[in-house]
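See structure below.
Chain identifiers are assigned alphabetically (A, B, ...) following the order of the sequence lines, protein sequences preceding nucleic acid strands; residue numbering begins at 1 within each chain.
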There are 2 protein chains.
Amino acid sequence: MATQGNGRQPKYQRIADTLREAIQAGEYGPGDRLPGENDLMATHDVARMTARQALGALQNEGLAESRKGAGVFVRDFKPLRRRGIQRLSRDQWGSGRSIWSADTEGRTLVVDQVDVSEMEAPERIAKVFESETGAPVCVRSRRFVLDGKPVLLSTSYLPADLVSGSAITQEDTGPGGTYARLTELGYKPVHFREEIRCRMPSRDEASGLDLSMGTPVIMICRTAFADENHPVEVNEMILDSASYVLEYDFDA
Amino acid sequence: MATQGNGRQPKYQRIADTLREAIQAGEYGPGDRLPGENDLMATHDVARMTARQALGALQNEGLAESRKGAGVFVRDFKPLRRRGIQRLSRDQWGSGRSIWSADTEGRTLVVDQVDVSEMEAPERIAKVFESETGAPVCVRSRRFVLDGKPVLLSTSYLPADLVSGSAITQEDTGPGGTYARLTELGYKPVHFREEIRCRMPSRDEASGLDLSMGTPVIMICRTAFADENHPVEVNEMILDSASYVLEYDFDA
DNA sequence: AAGTGGTCTAGACCACGCT
DNA sequence: GCGTGGTCTAGACCACTTA
């Protein structure tokens, strides 16, 4: 017992390898149910926990996901393409269209969990605005749900003195959104910086995006600048990495 | 026994939460050792597997990493900043400098596992070059190790007929690298497209980058275009997400 | 040599979903 | 109702590091 030394590598890894290869060979397609714990215990003659470890490995790799009471299923990957630069070109939001219309053609977008409030700026935000920590900022947080699947959590920070009284402090910012309003206020965004990180989600993020185990998130932190390096907005976004491909097109 | 219903959520989650909060509160700093399995069994009065699950959860979140025979330790996050657009501006490689010099100032970069060969183009690559599947391509794969830590795996594909006989087919491509040579050959890259995905690593990627559990990878697929949409190179990169922040700067 | 995490067994009860 | 995955116990041996 516990003689793991048979084939040089752990039993659960060998079982996981078998399943992985079967998936990649197409024996199990997206959405198909994989052999369950009981199946694996029988076919590989192992204990419960060992079969579980094998299935758990596949889930941690993002290849499979479990549904309680139903089984473990092969995952699908059909991402949205988010064109980082074109979507923020002036004509997008200049003409009253949401910058989202570029990404979501022909699909159903719902924005929910909208919350607009004013609070003291967290340190990292205050630092960008070059204001003292604790200066008031307008905070707009939202969730984007595409065809029933939550794909993005967004939290946007703007200096409160800049936007007070404008539609930006309302839930509905009107045609063209925040950037159109900033333009009207004399702070037209002319330059953007996007910082991209990738990591495993926090518990809040996992539940907010309805992520299954083994799905990382993409963090995009976008800073919008009015002319001459004047930052007017910081937007922190959390994206379901299984729902997105980011694209940046630029000249040498 | 197995009365998990005490506090509404699983025991291992409660233990993980305790540790997570302690980490975020700074009680355990980067590199510090967390309480081990035996500690947790004693302090929380649980079985081995339950303590393991708690520590496993933290590792899957990327918050901690285990070292066999030593313990579980809080992870650090000190990423490189990769400026996607500036690093590919003409003056970088035009002057004989590697585009890497922009990222790695003052650090030790080693390139190893260099392999240059010719093979038939995989389907996705042939599609980009608009050649028939199986057309010959020059494949350059390398690994970049920064201060002893592998951070990036790169595989670059170029049409074989375009580069045959040039230094691009050598291990050392000379000053300015592949892009300087392409320019000399009359295929100056003038436009780039980078596609970014994020997912959990394959086993090969995890071992090649020496990743610990719970670390996703960033995939960058860059296509370089000579004038008028003529693709001349496809570079597929796998980045350790704990080592990188990507940055894209652009005008509206 | 002692302690650590990695793997494994053989049982158990639970909540959930539906073949 | 029955099978599913989710959680948990109480043991065990192993390989590795030296905190």
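Side-chain polar atoms of A:Q59 and A:R75 form no donor-acceptor pair below 3.5 angstrom.
Straight-line distance from the CG atom of B:D45 to the P atom of D:dC8: 13 Å, rounded to whole Å. Taking atom CE on A:M49 and atom P on D:dC8, their separation rounds to 11 Å, with Å as the unit. Look at NE2 on A:H44: it is 12 Å from P on C:dC8, rounded to the nearest Å. Rounded to whole angstrom, the span from the NZ atom of A:K11 across to the P atom of C:dG6 amounts to 19 Å. If you measure from atom CD of B:E37 to atom P of D:dG11, you get 16 Å, rounded to the nearest angstrom. In this entry the distance linking CD of B:Q59 with P of C:dG5 reads 9 Å, nearest Å. Atom C1' of nucleotide D:dA19 and atom CZ of B:R67 are separated by 8 Å, given to the nearest angstrom. Going from atom CG of A:D39 over to atom C1' of C:dT19 covers 12 Å, rounded to whole Å.
Within the cation-pi definition used here (under 6.0 Å to the ring centroid, within 45° of the axis), B:R67 qualifies as a partner of B:F73.
B:C138 places a side-chain heavy atom less than 4.5 Å from the side chain of B:V116.
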Can you name the atoms? Protein N/O to nucleotides 1-3 of chain C N/O, anything below 3.5 Å, with the distance.
unit_1 : atom_1 : unit_2 : atom_2 : d
C:dG3  : N2     : B:G69  : O      : 3.1

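Distances from the side chain of A:R48 to the nucleotides C:dG5, C:dC13, D:dT9 place C:dC13 closest. For B:R52, taking side-chain heavy atoms from C-beta onward, the closest of the listed nucleotides C:dT9, D:dA10, C:dG5 is C:dG5. Among the nucleotides D:dT7, C:dC8, C:dT9, the one closest to the side chain of A:P10 is C:dC8.
Contact annotation: A:T50 reaches the phosphate of C:dT9 (side-chain N/O to OP1 or OP2, under 4.0 Å). The side chain of A:S66 contributes an N or O atom lying less than 4.0 Å from OP1 or OP2 of D:dG6. Checking the phosphate oxygens (OP1, OP2) of D:dC8, no side-chain nitrogen or oxygen of B:Y12 falls inside 4.0 Å.
Look at B:R197 and B:E195 and you find a salt bridge, because one of the NZ, NE, NH1 or NH2 atoms lies within 4.0 Å of a carboxylate O, short of that distance.
Here the CG-NZ distance, from B:D210 to B:K149, works out to 6.0 Å after rounding to the nearest 0.5 Å.
Every residue meeting the side chain to side chain contact (heavy atoms under 4.5 Å, CB included) condition with A:A22, not counting sequence neighbours, appears here in chain and number order: A:E27, A:Y28.
Within a 6.0 Å sphere centred on CD of A:E120, other residues, nucleotides and ligands contribute 12 heavy atoms or fewer.
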